[in-house]
Protein chains: 4
Amino acid sequence: MELEDFAKEVMPKGGWGYLAGGSGDEFTLRRNVASFNSKGILPRVLADVEFPDTSTSILGHDLKVPFIMAPIAAHGLAHETKEAGTAKGIAEFGGTIMSISAYSGAKFSEIEEGLQGNARWFQIYMSKDDEFNRNIIDEAKADGATAIILTADSTLSGNRERDINNKFVYPFGMPIVSRYLSGDGKNMSLNNIYAQSKQKISPRDVKFLSEYSGLPVFVKGIQTAEDATLAIGAGAAGIWVSNHGGRQLDGAPGSFETLAEISAAVAGRVPIVFDSGIRRGEHIFKALASGADIVALGRPVLFGLALGGWKGVKSVLEYFETDLKRVMQLAGTQTIADVKQAKLKDLTDWNR
Amino acid sequence: MELEDFAKEVMPKGGWGYLAGGSGDEFTLRRNVASFNSKGILPRVLADVEFPDTSTSILGHDLKVPFIMAPIAAHGLAHETKEAGTAKGIAEFGGTIMSISAYSGAKFSEIEEGLQGNARWFQIYMSKDDEFNRNIIDEAKADGATAIILTADSTLSGNRERDINNKFVYPFGMPIVSRYLSGDGKNMSLNNIYAQSKQKISPRDVKFLSEYSGLPVFVKGIQTAEDATLAIGAGAAGIWVSNHGGRQLDGAPGSFETLAEISAAVAGRVPIVFDSGIRRGEHIFKALASGADIVALGRPVLFGLALGGWKGVKSVLEYFETDLKRVMQLAGTQTIADVKQAKLKDLTDWNR
Amino acid sequence: MELEDFAKEVMPKGGWGYLAGGSGDEFTLRRNVASFNSKGILPRVLADVEFPDTSTSILGHDLKVPFIMAPIAAHGLAHETKEAGTAKGIAEFGGTIMSISAYSGAKFSEIEEGLQGNARWFQIYMSKDDEFNRNIIDEAKADGATAIILTADSTLSGNRERDINNKFVYPFGMPIVSRYLSGDGKNMSLNNIYAQSKQKISPRDVKFLSEYSGLPVFVKGIQTAEDATLAIGAGAAGIWVSNHGGRQLDGAPGSFETLAEISAAVAGRVPIVFDSGIRRGEHIFKALASGADIVALGRPVLFGLALGGWKGVKSVLEYFETDLKRVMQLAGTQTIADVKQAKLKDLTDWNR
Amino acid sequence: MELEDFAKEVMPKGGWGYLAGGSGDEFTLRRNVASFNSKGILPRVLADVEFPDTSTSILGHDLKVPFIMAPIAAHGLAHETKEAGTAKGIAEFGGTIMSISAYSGAKFSEIEEGLQGNARWFQIYMSKDDEFNRNIIDEAKADGATAIILTADSTLSGNRERDINNKFVYPFGMPIVSRYLSGDGKNMSLNNIYAQSKQKISPRDVKFLSEYSGLPVFVKGIQTAEDATLAIGAGAAGIWVSNHGGRQLDGAPGSFETLAEISAAVAGRVPIVFDSGIRRGEHIFKALASGADIVALGRPVLFGLALGGWKGVKSVLEYFETDLKRVMQLAGTQTIADVKQAKLKDLTDWNR
């Protein structure tokens, strides 16, 4: 939790506001973290646990931890090594997956310098023109992506008042999507970039991406059981529960509050990735106990990148691994399967 | 939300306290805004939405947005152009309705200079003497009002401690109601003016206004299903859900908290206007999804007037239009009809 | 609400801490006021109300307002005129009742100088020795008391940490109970005085007081339906719902939270007086709408006494009368009977 | 409550952070105290109570109060007299039990200098090697322990960020467990010491301790009905409800929130000790009324030790005795059996 404060000091105001901030009143941003307190972990004792095992797998990938890197745009705001720095931290940590954003400030080839063959998924912001989408998918597949993440929750920029006040524009281009932007992204506002991407996302896009790529497609941004069902019906190979880190629609529930109901609707048909608000090992535990198969980490990793380059990234991932193991031990759970069976207690807001 | 702080700096203390403040402990004032957080918007993705359409209609008026100007007294406290400034901002924005308060500091003819033929409704504070009421209605009809708004929630001034502490009196007269005031309103306190207006409002007044004016009558200040039913029975052509912006009875629920139950009782028989607490596009969305047909905006427009005259008014209206479109896009709703069908999620107060 | 801050400035620290403070963490003290926000007044409009009538009656007394003065010890801490000052303010206001505490710092004859024949009830702190109790009752009857209030909630001093930190002792004697104190109360701590009073209060005491005095007896400090039933069974002529202003048992509910259930159990068999936490006309309204017949005002009156002597007392009573009338008008209630029939809306804590 | 602030001033930062702090966000630490406010004591009046009797008994020990000393490591952080100082305070107070932690910084013989034959229970942190465990139990029995407390909730150190920031290490050794540590504990971190203790606690350990010691065994750290049942099935003679003072698993409920359900499951088969969050007599009352037979006091006693050595310890115990008697009197309960029958009222978080 302290990383955010430290990162604020080393990052330019505009970049930090963009990365750390949310939309509107930032109600949903705060609630993403706070709503984890609406359920309490019930520690089980006498559980015969030692050396908890955090390994799991998803869509054929064996992971040493149940968390991966979330797709985030413009890592260069945090550190000069951009996405390549993040990628190197992930590679050094090992046993997890990097999600590469179509709004990356680095090219695939630059990221690969850091990622060194480690697993990657590709998050697409679609163009209005499917020809461009085919080109982008081709490029991502050539880079080795093993899944496509369709960004369905961000068809337009949220009401980012920090960015408005900071007159924030991207200080560098976005090579992957520059083919469909007027300009390459440099000195463009988020509003402008989003507006040139595709707004009209529908089940047809899930089908298109799935069929064209031949890869499993996650629909990212699911917050309702209805949309989870719709996405699976359209061919989604995975559900990605997220509210985009509270950066899009404010006045929405915390992402964690929507998870259990979605999980019940998915009923194990496809895997569930969860993001938005994870800051502690306890949060990972609670998300898995509420139906997520793995979680994705965003801001904390970028704060680590800002503070220590790839070493900072690795350090943040190690913190989560250590913290999760500790939580698993103290909660009396030996394996990720145990965590997924753990019972949480509903709490009301009684902190005074 | 920031406008309030900026407006505070440019307005005289007495006028600002009058405009921004509420009654008693200002519990209801705060709750008007805060209670919007008791329901969360569930963003729908894969919804095939682009260029959301905010147009709607009410009582024969085609509107480009589902919001209008709420009736507010004494715009001259905010800006020297008084109600005419507000009217001009509304006219320049276009496609909406101005509500003209009987406690206006400008005459109809002055307001018309700004309003330039755009649609208007007239909000009456009744005199104890129906002869005066007939005169006022005649004048409003001559001015072109297409509906009468009966102020039923303010038969007396609330306990406005800010005004007491500021020894606030109106710095100018109220030409429309001056015919029934002892004095023209200038240098009079709110208490004094209210006391000379009619306290004894009953269903008979709805009938009287309706029959004499031949215009549709809204009963403004409805906070219970019982009163909505009563008003419709008395001939009301519309229900206006409002607690007068938290300025009258403190210790009352937030206005938004009363809306869904009232809407269920109204059951589509007449249109519902909602006000009190709208500060964001998300709030408009939530009010429509809870049964309002349109909403009315009050303080934010006046803060805009204070800060930029008619251009400030226009700018505030544009902000709400833009913000609502963004929310509609992110929530996966193409039309106002879609918004009205959207499902909200009950939230508890878990922000820590 | 502001009176408290002003009074703090004019009163000695020890006396102010004694008067304004509560016990333990002051959880119950705060909750007494805050729990009024757990129910919202639903304003009724179109209710045909003008000049609301606050008159009511209790046990044969016609009152112009539904509130009386609560019994409070040691008014001399607030003002040099002691209980006589309070009494004069009450007499000048007229149409209400003064409760005289057995822990008064003034004699009956001194109080009568201010009270001038106005109605009075007598609150007894019982001695361990019934002979003394008979003497005290004889004296109170001779003074004209028309009811006895048995203090059942304060058989010992609460954990008053402010008093401990201030090393608070009474700066003057307590003439009414001095007959059973070792010493006359002067320079004694509250702990000491309470300890010399009777702890072992039981239904027998209700019977004894009732039979010996021939007067109606209120049992003060009722917080449960069970005790209300017990008291009525023992001959109580009235139930006084109170938690002694949060000065006794901390960690208890707000007094208002217990009222509705008690009222249901009493079922109109005897009248109900309510105190603890009343600071606004809205609070009086909510208490009456929850089953109280009248309410008793404590601290606000003493703050008035501290700030303006008897004129301050009168001014505070006038404030409550004005505020209640305003609330009745805005809530659409013409009479106290209407208020008692008003429906409140359950609210949850949603102020953010 | 004020003791904590005073103690902070006299203790070294590292020691104070270790003693007062919790894990993670300290959510559970705060909630341990705050959750007592989720239930309100309903004061009963007319209850015929005088000189409340706090005596009770547990497992054959007659106690003058329903509280004992909780096991806490390293009292030497608070005061140079270490556990012997605490023991002397307990002995001088009399009529209660000291729990001696296996992580004590003093030897049994040193503690006995203060404890002087008073009752004691021994809290074991097990070694991975049962031979050492047998030695430790032999030594505790020789010292006169009449019960064994198995620490089941702390198989690893919680995420103690204060300790990390303070680079906290124990400034002295731990003689009782030094036989199984590499080193004697001095200059070791908590992480290090915990890691050398046994992680893999199971029902087998309850059985082993019970059979080898021949003493009643409490399982400490129970937070679920399931584990209470499991422990009793494994031979536990008592259930110790605790979350280790919020020092282990953060994001867990307040300990008090778990008590009533556990008590229902235990159904009187074995006694229940409760700890975590007790700071007031009201808290003791609420815990007993929710199913605890006795409670254990931790931090407040250590703060007393820090501030006044053994006299501070005695003073804190006397405070709790006085406070509990006052609460019992004001709540209308004569005996501990009455307290255990008292009804609490569910409260929601309404303090504003």
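Just so we're on the same page: letters track the sequence lines, and every chain starts at 1. Reckoned from all heavy atoms, side chains included, excluding hydrogens, waters and symmetry mates. Everything numeric in this text was worked out from a predicted model, so none of it was measured.
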*Asks:* Contact part of Thr28(A) toward chain B, heavy-atom cut-off under 4.5 Å: side chain, backbone, both or neither?
*Replies:*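 Contact with chain B: none, neither part.
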*Asks:* Could you tell me how the ring of Phe256(B) sits relative to the ring of Phe274(B): parallel (under 30°), tilted (30 to 60°) or perpendicular (over 60°)?
*Replies:*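 Phe256(B) and Phe274(B): perpendicular rings.
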*Asks:* Applying side chain to side chain donor-acceptor pair (under 3.5 Å), run through Ser255(B) and Asn243(B) and close with a yes or a no.
*Replies:* CA-CA 6 Å; Ser255(B) 188; Asn243(B) 60 22; 4.7 Å; no
*Asks:* By a 4.5 Å heavy-atom criterion (distance strictly below it), what part of Ala231(A) contacts chain B: side chain, backbone, both, or neither?
*Replies:*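 Both backbone and side chain.
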*Asks:* Taking the six-membered ring for Trp, are Tyr103(A) and Tyr125(A) parallel (under 30°), tilted (30 to 60°) or perpendicular (over 60°)?
*Replies:*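 Geometry flag for Tyr125(A) against Tyr103(A): parallel rings.
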*Asks:* Between Arg279(A) and Phe36(A), is NZ or CZ placed under 6.0 angstrom from the six-membered ring centre and within 45° of the ring axis?
*Replies:*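 No cation-pi geometry.
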*Asks:* Quick check for you: among Val219(A), Leu230(A), Thr258(A), Thr224(A), which has the greatest number of heavy-atom pairs under 4.5 Å with chain B?
*Replies:*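 Among Val219(A), Leu230(A), Thr258(A), Thr224(A), the one with the most close pairs to chain B is Thr224(A).
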*Asks:* Taking every heavy-atom pair that is under 4.5 Å apart, which of Gly221(A), Pro203(A), Ser154(A), Ser23(A) has the most such pairs with chain B?
*Replies:*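 Looking at each of Gly221(A), Pro203(A), Ser154(A), Ser23(A) in turn, Pro203(A) comes out on top.
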*Asks:* Relative to the ring of Tyr212(A), is the ring of Phe208(A) parallel (under 30°), tilted (30 to 60°) or perpendicular (over 60°)?
*Replies:*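 Ring orientation, 0 to 90° scale: parallel.
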*Asks:* Is the number of heavy atoms from other residues, nucleotides or ligands within 6.0 Å of NZ (Lys8(B)) greater than 12?
*Replies:*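 No, the 6.0 Å shell around NZ holds no more than 12 heavy atoms from other groups.
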*Asks:* Please determine, among Lys343(B), Glu282(B), Arg326(B), Glu50(B), the option with the most heavy-atom pairs under 4.5 Å with chain A.
*Replies:*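 Most heavy-atom pairs under 4.5 Å with chain A: Arg326(B).
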*Asks:* Side chains of Ile68(B) and Leu297(B): does their closest heavy-atom pair fall under 4.5 Å?
*Replies:*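 Contact flag for Ile68(B)/Leu297(B) side chains = no.
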*Asks:* Which one of Ser202(A), Gly158(A), Ala252(A), Gly254(A) has the most heavy-atom pairs closer than 4.5 Å to chain B?
*Replies:*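 Of Ser202(A), Gly158(A), Ala252(A), Gly254(A), Ser202(A) has the most heavy-atom pairs under 4.5 Å with chain B.
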*Asks:* Let's test your reading of the structure: which of Pro43(B), Ala331(B), Gly332(B) forms the most heavy-atom pairs below 4.5 Å with chain A?
*Replies:*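 Counting heavy-atom pairs under 4.5 Å, the top option is Pro43(B).
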*Asks:* In terms of heavy-atom proximity below 4.5 Å to chain B, should Lys128(A) be classed as side chain, backbone, both, or neither?
*Replies:*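 Side chain only.
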*Asks:* For Asn32(A), is it the side chain, the backbone, both, or neither that has a heavy atom closer than 4.5 Å to a heavy atom of chain B?
*Replies:*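 Interface part for Asn32(A): neither.
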*Asks:* Give, as side chain, backbone, both or neither, the part of Val327(B) having an atom under 4.5 angstrom from any heavy atom of chain A.
*Replies:*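 For Val327(B), backbone and side chain are both near chain A.
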*Asks:* What part of Gln329(B) is in contact with chain A, defined as an atom under 4.5 angstrom from a non-hydrogen atom: side chain, backbone, both or neither?
*Replies:*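 Looking at Gln329(B), backbone and side chain both touch chain A.
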*Asks:* Are the side chain of Arg162(A) and the backbone N or O of Tyr18(A) linked by a donor-acceptor pair below 3.5 Å?
*Replies:*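 Pair absent, no side-chain N/O of Arg162(A) close to backbone of Tyr18(A).
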